[in-house]
Amino acid sequence: MFRNNYDNDSVTFSPQGRIFQVEYAAEAVKQGSVVVGIASKTHAVLVAIKRNAEELSSYQKKLFPIDEHVGIAIAGLTSDARVLSNFMKQQCLGHRLTYGRNMPVRTLVDMIGSKAQINTQHYGKRPYGVGLLVAGVDDHGPHLFEFQPSGMTEEMVAFAIGARSQMARTYLEKNLEAFADCGREELIRHGLKALKESLVQDRELTIDNTSVAIVGVEKQEDGTTKPQPFKVYDGQDVSAWIESVADNAEAAPAAAEGDGMDVDS
Amino acid sequence: MTSIGTGYDLANSIFSPDGRNFQVEYAVKAVENGSTSIGIRCKDGIVLAAEKVITSKLLKQGANKRIATVDRHLGIVYSGMIPDGRHFVDRARDEARGWRDNWKTPITTKDLASRMGGYMQAYTLYQSVRPFGITAIIGGYDSELETPVDGEVGSGPSVGAGGKVAGKKHGGPFLYMVEPSGLYWGYYGAATGKGRQAAKAELEKLDLSSDGESSLTLEQAVKEAARIIYVAHDDNKDKEFELEMTWISGADGPTKGRHMEVPEALRKEAEKYAERMTAKDVEEEEETKDSGDKMEE
């Protein structure tokens, strides 16, 4: 049987110049449930599908606050994500202590990028088996970054990672132009609609399996801007948003109208 | 590939019976699959340019920079595995800062190339690490001016790292390219990544080595750099790309001795020139097809 000799560790190049261990780690991200992130001029949102191991168990958290102004969504090995999350929290806190202000999002993301790169170049280490979407605000406004196990980090307008995330990405690509000018509510709805695209048949968004997080800068009435800290919403708090994107949400008013005209029955 | 199945290519730092380190050669393969980067050294400065292939529509335009500033007068661009490149840049920044701390003067381009060449080479020596999957182009403009050393007491040395020899020409633009093996050379024009063959052929046509009238100026070099990236991208036409360019001039030039992004207006102008020239090339291609094939060697 064919055996790949070049995939045992992350310090061996294949003859084509690939590192299979890193590519396999990227597969672990695809095992995780889907998360979607979108950034507009004023907000960045993260939405996620949570999974439960069995009927009676609780749902695994997918969205984590890092600091007042940053949060992450995870897909892949949760325990690896926790390591990165702790590291990010420490860095943000350290930055706040020394400089007295929020850490720029790019700086933070670059730090986990370098941290993850080292795991791909040294024997005895393994790449992180988790992908992240990092949403945050800084002096330059809202940002959304994608982090991969390879250590690759890229700023995106919108993105989705995890199982069947291609469907969500297709939705995002189709609506790409609209995002920049979206308000907070509109952005969440786009996120949830993208999330629904990636749902397995017969599954739907419920208040138990859906998480939403928002961070942004809100325009005040006097024209000044005020930062809106990263906040995660679960359970009953997301029910209104789920209802607003339900399949019959748009159809409902039309149906009501139809009822009135349905004189024959 | 004769190396496969011999076992000599399964770990880094292992010599094969004919004296090759296959893992380093495979790392070069990673570079050859990466997007194209080039560097041009002309008489009054340096231009670095990178082809950024757009892998997804969802990427934020212009946000993901590939050319890094290492010190105020130094820039690095790389092809191959991007995370490796970032690590390399981090290390280069550490070296540049360390040099300033120690010697109270900015590191010269040559010294940085030497330090980074040594760093890359160290990753070919041990089974516990793998070589870097990048080739990096280091560009810098070492000051020709008599720069007072930070915190200098007295006149300082008259020769050596902190001093200047009277009557001798000091400083100027320099360009180096470091490979995964740690090997580095100085260049007038350097190219790496997928489109390196085409880019090299174009670079060789430019007059970069003389200081005479016909030699390229910095602004011309910016335009040529844009054109060369466009030419190098030609084989990969189905994918869209973004062009990123930086430059470094002397203290009396447009960047005042600093490494910075080429201003948008000039970049747009260069891109127009590149589009015009590559469109013209397509017409001529039919006639010169035979000689074009030989260039591939």
Checklist outcome for this item: Distance col, row Lys57(B):NZ vs Leu176(A):CG, nearest 0.5 angstrom, shows 7.5 Å

Checklist outcome for this item: Cut-off 4.5 Å, heavy atoms of chain A, and the answer for Asp90(B) is side chain

Next on the checklist: Looking only at heavy atoms and a cut-off of under 4.5 Å, which of Gln121(A), Glu155(A), Glu146(A), Glu154(A) has the most pairs with chain B?
Outcome noted: Gln121(A)

Checklist entry - For Tyr123(B), is it the side chain, the backbone, both, or neither that has a heavy atom closer than 4.5 Å to a heavy atom of chain A? => result side chain

Checklist entry - From Gln23(B) CD over to Ser14(A) OG, what is the distance, rounded to the nearest 0.5 angstrom? => result 8.5 Å

Checklist entry - Roughly how far, to the nearest 0.5 Å, is NZ of Lys29(B) from CD of Gln16(A)? => result 8.5 Å

Checklist outcome for this item: Between Val11(A) and Ser128(B) the two heavy atoms that sit nearest each other are CG1-O, 3.9 Å

Next on the checklist: Restricting to non-hydrogen atoms, name the atom on Arg106(A) and the atom on Asn64(B) that form the minimum distance, rounded to 0.1 Å.
Outcome noted: NH2-OD1, 3.4 Å

Checklist entry - Do other residues, nucleotides or ligands put more than 12 heavy atoms under 6.0 Å from the CZ atom of Arg93(B)? => result yes

Item to check | Rounded distance [0.5 Å steps], CD1 in Ile118(A) versus NE2 in His87(B) | outcome: 6.0 Å

Next on the checklist: Quick one about Asn12(B) and Tyr123(A) (side-chain donor to acceptor, distance below 3.5 Å, no hydrogens or angles considered), yes or no?
Outcome noted: no

Checklist entry - Just how far is it from atom CG of Asp84(B) to atom OG of Ser150(A), taken to the nearest 0.5 Å? => result 9.5 Å

Next on the checklist: Which atoms of Glu25(B) are under 4.5 Å from chain A, going by heavy atoms: the side chain, the backbone, both sets, or neither?
Outcome noted: neither

Checklist entry - Is the number of heavy atoms from other residues, nucleotides or ligands within 6.0 Å of CG (Asp139(A)) greater than 12? => result no

Item to check | Under 3.5 Å: donor-acceptor pair, side chain of Arg18(A), backbone of Ala30(B) | outcome: no

Checklist entry - In this structure, are over 12 heavy atoms from other groups packed under 6.0 Å from Arg96(A) atom CZ? => result yes

Next on the checklist: Can a side-chain donor-acceptor contact be found between Arg169(A) and Ser56(B) if the only test is distance below 3.5 angstrom?
Outcome noted: no

Checklist outcome for this item: d(Phe22(B) CZ, Phe13(A) CZ) to nearest 0.5 Å is 15.5 Å

